[in-house]
Amino acid sequence: ANLPPDLAHRISIRNAFQIQQAAPAQQRHMASSSRSAKTCWNIFNRFFSSASSSHQAQIYKPDALFLDPIPLSSTQLGLLQVLDLEDCMDFKDHQLEHICNHVFQLKYLSLRNTGITKLPKKLGKLRYLETLDIRQTKVRAFPKKSIFLPKLKHLLAGVKTAGCRSLDGIQEEESLHTIQMPKHIGSMAELQVLSHVAVSGHGDELIDIGNLLLLRKLGLVLDGSQKSTFRHLFHAIGKLRRCLQSLSICIISNNEDSDTATEIEERLLMPPRYLRHLQVSG
């Protein structure tokens, strides 16, 4: 309650923090419902510094100690707007589903480096969600039933594996695994950051990307052996030429004879005017 008003409606849980006072903080919050609009659930004291404390840090599991006892149906939790669960590896799919059922006001949800493996259909209930961070998770697809998040501005995904040298001396390249592009992406007109998502098949999903006229940052993983994918990509880049500032493309291809360079020279007729960052790998 002593924090600034701009930090209201936020819960941040990190494995590195001590959370022994989580329960008392929750009780105080429930007791001050009249001030709920200006209350921040701030759960940390200080970093563990001693060796014994380091041992304790390995025992404490913030998501298990804090999230499980939360009264998800409480009106106070329903006002939550920012939820940061980064590095909570014990956070699982069923807990995410409970959050989607009860915390409808969320604008920011970070699930980065958590234990989730899939996104629930009920994610569509988060109608006010502006940022969804699922980087470093095992999530590879949106639910089959199309999810529409009308306010979404930032979709962050992908797990990057660093390159390493194998036992036989062969250098293995770094790889990027990520989620498939959601259906009807073009209807999420407020998107500003889309990085990184995988393009499947012949890249037909890229047709809708050209409709995101507020998009500043685009990161894609695509199949370099499909010429139609590049045709759709170049067309989308042309339509975004007045807004796109960052473009990252990771090309995956087993076709060593692919004439990708020729295709770019022939097809990319309208390059983005304000591009500041360009990365092409693969």
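For the single chain, residues carry numbers from 1 onward in sequence order.
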Could you tell me if [Y] and [X] have a donor-acceptor pair between their side chains, going purely by distance under 3.5 Å?
{"X": "Thr114", "Y": "Glu86", "value": "no"}
{"X": "Asp208", "Y": "His184", "value": "no"}
{"X": "Arg216", "Y": "Gln245", "value": "no"}

Within the 4.5 Å heavy-atom criterion, are [X] and [Y] side-chain neighbours or not?
{"X": "Leu214", "Y": "Leu191", "value": "no"}
{"X": "Asp93", "Y": "Thr117", "value": "yes"}
{"X": "Ile185", "Y": "Leu212", "value": "yes"}
{"X": "Thr229", "Y": "Leu206", "value": "yes"}
{"X": "Ile249", "Y": "Leu222", "value": "yes"}
{"X": "Leu233", "Y": "Leu220", "value": "yes"}
{"X": "Met188", "Y": "Leu194", "value": "no"}
{"X": "Pro120", "Y": "Leu96", "value": "yes"}

Between [X] and [Y] (side chain of the first, backbone of the second, donor and acceptor by atom type, cut-off under 3.5 Å), is there such a pair?
{"X": "Arg127", "Y": "Phe148", "value": "yes"}
{"X": "Asp133", "Y": "Leu111", "value": "no"}
{"X": "Thr178", "Y": "Ala198", "value": "no"}
{"X": "Glu205", "Y": "Lys183", "value": "no"}

Is it true that Glu130 and Lys151 make a salt bridge, defined as a side-chain N closer than 4.0 Å to a carboxylate O? no
Decide yes or no on side-chain contact (heavy atoms from CB on, under 4.5 Å) for His154 and Gln192, but give the supporting numbers first. CA-CA 6 Å; His154 309 96; Gln192 298 177 18; 4.2 Å; yes
